[in-house]
Amino acid sequence: MREIDANCEEEEEERKKERKKETRGKKQEKVDQHGHTEGGSKQSTKLCVWLDEDKDGQPLPKRFSSASVTPSCAPSTSTTEDTMTIENLDSLIQDVRDLLGSGAEQPLPSHWRNRQTSSLENWTVMRPFMVNNMLSSEKPKEGVCHHCGHKAAVVMCRDCLPRSLYCTACDLSTHEALVLHNRASMVVGFFRHLPPSTFVQQDEGGKFSYYEKDCMLPIVPPCCDCSTGQTKPVILIGMNGRYNLFLPSVNCSCGKTLPVTISDLVENGYWPATVNFETLYMVDLFTTYEDLKITAPGMLRQAFVSMLECRTKLFGRSGKICGDTMQRVFLEWAYAKFEVDKLSQVQHFQCPACTPSIDAEVSSFVDYIHGTTGHNPGKGRCGAGQWTAARESANKSASKLDEEGVEVAVCRHGVLLKGLNMFRGEIFAYPLYLQKQLASQTVQFFCSDVVCKYWPYLQRVVDHCPELEDLLNMRPFLSIMHAKAHSWMCELKWGGRNQEGAGTTIGEEVEQVNSFLSRAAICSKYMSKAVRTDMLTIQASGWNKRKAENLDRTLAKRYIKTVQRIAEATKDLEKLTAELSLQQDTVQQWVSDVQQWTSVVSAFIGHQQLAAAHNQRAKTQWEFREDLAMELSDWMPPSEPAPPAPAPHMTGEPSGHACHRPMYTTNKGEMMLLPADSIK
């Protein structure tokens, strides 16, 4: 039996080898576009595929190539069936494409795509030339001086374009006064950057060398015939880094020597770092740093200082820059600028389109509200959502942070009006303080993302604090996007889209300010309290300044958009009333019915939630006292058992229903809730 099996296996292997040879031979036949092979026999023009074999030598279907030559396949039964199957699939795919209307048409490229493709092709061609141009620009150019016209140029100054080439004499006469220019020598065959105090000289043998010369701080003299002399060294820091210069003394023609004062420095665009001005900063540096802090609030001070030090080395100078000193001087300059704006009656925290130590004050106001109203913590919940922010259950922070955050008040145009530091989280007393501060202005709407919870809180506060009754003259407004997370009934009653006179106000403008100031937290959390307050104030002022500069365009765009939306909404309303055969009075009656219904249902739900909160509070007190009694009994000696708890006096009828648990009073008269199974 083993020999028979071995023979059968050998025969099977031989048959597989023969089939492989036949398939390879057929694959080697070449087919032209008309279906003719090399031997002249005509083949079918039907689409065939290349075939591979599995481990048993059976042909496997494979995707056909998209070449122009049509391949042939083995005329076996399985091959024919596979080919017919693929042809059927292709025809079905084509039928589906025809039904969908896609066909073989490709979407037309857009103009933007054409421009991007053209730009990419142009840059692909230009890149080698740009690399060659960059390499050639690093090679010094041989030529004559652009100023005298006959001596060889040895220095190039890129700040003196278009006449940038200098000889040794012209370079000294020009840049002895223009010490802030960035120069480079060309005497060694490549560019070498020179500090302001380094110049090039040529000896009698034609050899070039370098020498040092003291350079004075550029200052406009009081008279045209004044001369300057050297007094003491001074460090100047600008956008191109650090310069080591000398402070000049002005020698007047009348014989008097006038020392340089702080007023002279400020008039010439310098700001002293100390009262003795050993270090000076260019005002242009502070304005640039302020713009960067407004544009990129998360930029670190040390990163900016490191950039200045890199530019110092780039232009051949040396020296370190102190970041702490720069920040302190910058804040002094910002304070002086703020006082000048204040004298000029420039109000950065007022919106032009609207009518025109805080921590201790806020803290006292919060304590007053909590003490007067009987601070009652509660959860923030509306509909199926529940949030941890903006609820009255936040206590004072026990962390080492100075503040937990900043709460701001913003007008509908995105201008930041007021702000305060938070120490307890987002409790309702903080927005109440901001609302009280802005009550003197003609505010029509009070917008918040949890106004459905804040407004009942405000009504309860007014009951205990009648002096805040004027705050109820504002109308509550639930921001449009946050309303989607509330219950639909809450959105109907409080939503901004349903408030008459709100227009197209979104109510999310404060999120723009939060997004801007949140980037400042990257570096402000490492600052001291005073520096953090000053830096946030500067950034907030810059934000308002940008808003005021673009306010005309913003209002114009908003007006055009509002007019278009009014026309579209009016057209849709007319179409809907015509389809339903409705009168205008009927539509108004429906709106009134919905408003009344939401008010009644919201009041009912509010009473239910208030009752549930009281029950939960009473239950919590009872559980606490039970636990305290058990702990005390464990500490009592065995010989002296714990005294029994006083029997409560029932003030209501006992009932076992879970929703009507009886209330009991202790000897102290406090309210607490007993479980139903404890009633006997």
Side-chain angles (χ1 to χ4, degrees), residues 110-112 350-356 382-383 385 408-417 435 438 441-452 454-455 473-516 543-544 546-599 602:
S110 61
H111 296 289
W112 178 86
Q350 289 185 2
C351 178
C354 301
T355 54
C382 182
V408 296
V410 183
C411 75
R412 67 189 300 266
H413 306 102
V415 177
L416 197 156
L417 304 177
Q435 185 183 6
L438 298 174
Q441 304 182 14
T442 56
V443 180
Q444 186 176 2
F445 290 96
F446 180 87
C447 179
S448 173
D449 52 1
V450 288
V451 76
C452 59
Y454 172 78
W455 209 252
N473 295 332
M474 302 181 189
R475 297 167 56 187
F477 183 108
L478 181 61
S479 52
I480 303 302
M481 298 301 296
H482 282 83
K484 304 303 180 183
H486 290 242
S487 64
W488 60 275
M489 191 163 20
C490 177
E491 184 178 1
L492 285 176
K493 180 181 179 181
W494 308 94
R497 286 286 184 260
N498 303 321
Q499 305 301 323
E500 185 177 356
T504 56
T505 301
I506 300 177
E508 303 290 350
E509 288 77 13
V510 70
E511 299 297 336
Q512 299 177 359
V513 180
N514 290 338
S515 176
F516 170 75
W543 169 272
N544 289 348
R546 288 195 303 176
K547 284 292 182 180
E549 292 174 352
N550 300 326
L551 190 59
D552 52 348
R553 292 189 293 271
T554 302
L555 293 178
K557 292 179 180 179
R558 186 175 295 183
Y559 175 77
I560 295 174
K561 187 180 296 185
T562 302
V563 171
Q564 294 176 352
R565 295 191 63 178
I566 290 175
E568 295 174 358
T570 304
K571 185 178 179 180
D572 294 340
L573 180 60
E574 293 176 353
K575 182 180 179 180
L576 183 61
T577 53
E579 291 178 354
L580 300 178
S581 301
L582 299 175
Q583 299 295 330
Q584 187 67 23
D585 297 339
T586 305
V587 177
Q588 294 296 332
Q589 183 63 34
W590 286 1
V591 173
S592 178
D593 293 342
V594 171
Q595 291 176 349
Q596 294 179 2
W597 174 72
T598 54
S599 300
S602 298

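Values below: all heavy atoms of this structure, side chains included; hydrogens, waters and symmetry mates excluded. Remember, predicted model here, so these are calculated numbers, not experimental data.
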Hits for side-chain contact (heavy atoms from CB on, under 4.5 Å) against N544, two or more places apart or cross-chain, chain-then-number order -> F349, V415, L416
Those residues that, when tested against S448, pass side-chain hydrogen bond (donor to acceptor under 3.5 Å, both in side chains) (two or more places apart)
none
Which pairs pass side chain to side chain donor-acceptor pair (under 3.5 Å) with one or both residues in residues 559-579, sequence neighbours excluded?
T504-T562
Do S479 and I506 make a side-chain contact, defined as non-hydrogen atoms from C-beta onward lying under 4.5 Å apart?
no
List the atom of R497, the atom of G503, and the distance in Å for their closest heavy-atom pair.
NH1-O, 4.3 Å
Side chain to side chain donor-acceptor pair (under 3.5 Å) contacts in which one or both residues fall within residues 549-558, not counting sequence neighbours
N550-R553
The salt bridge (charged side-chain N to carboxylate O under 4.0 Å, His left out) partners of K484 (sequence neighbours excluded) come to E491
Going by side-chain hydrogen bond (donor to acceptor under 3.5 Å, both in side chains), name the residues that satisfy it together with E511, two or more places apart in sequence or in a different chain.
none
Are L417 and V410 close enough that some pair of their side-chain heavy atoms sits under 4.5 Å apart?
no
Expected output: side-chain D449 to main-chain H482 donor-acceptor under 3.5 Å
no
Donor-acceptor contact below 3.5 Å, side chain H413 vs main chain K547
no
Which distance, rounded to the nearest 0.5 Å, do you find between the SG of C411 and the CD of E509?
8.0 Å
Which residues share a side-chain contact (heavy atoms from CB on, under 4.5 Å) with R546, sequence neighbours left out
I294, F516, W543
dist M474:CE -> Q444:CD (nearest 0.5 Å) comes out at 11.0 Å
Scanning both residues in full, the closest heavy-atom pair of V443 with L438 reads CG2-O, 3.5 Å
Sequence neighbours excluded, which residues qualify as side-chain contact (heavy atoms from CB on, under 4.5 Å) partners of A502?
F445, F477, Q499
Provide the closest heavy-atom pair for I480 versus T505 in the form atom of the first, atom of the second, distance.
CG1-O, 3.9 Å
Using the ring-ring contact (aromatic ring centres under 6.0 Å, His included) criterion, which residues pair with F446? Sequence neighbours excluded.
Y454
Strictly distance-based, threshold 3.5 Å: is any side-chain N or O of Q512 a donor or acceptor partner for the main-chain N or O of G414?
no
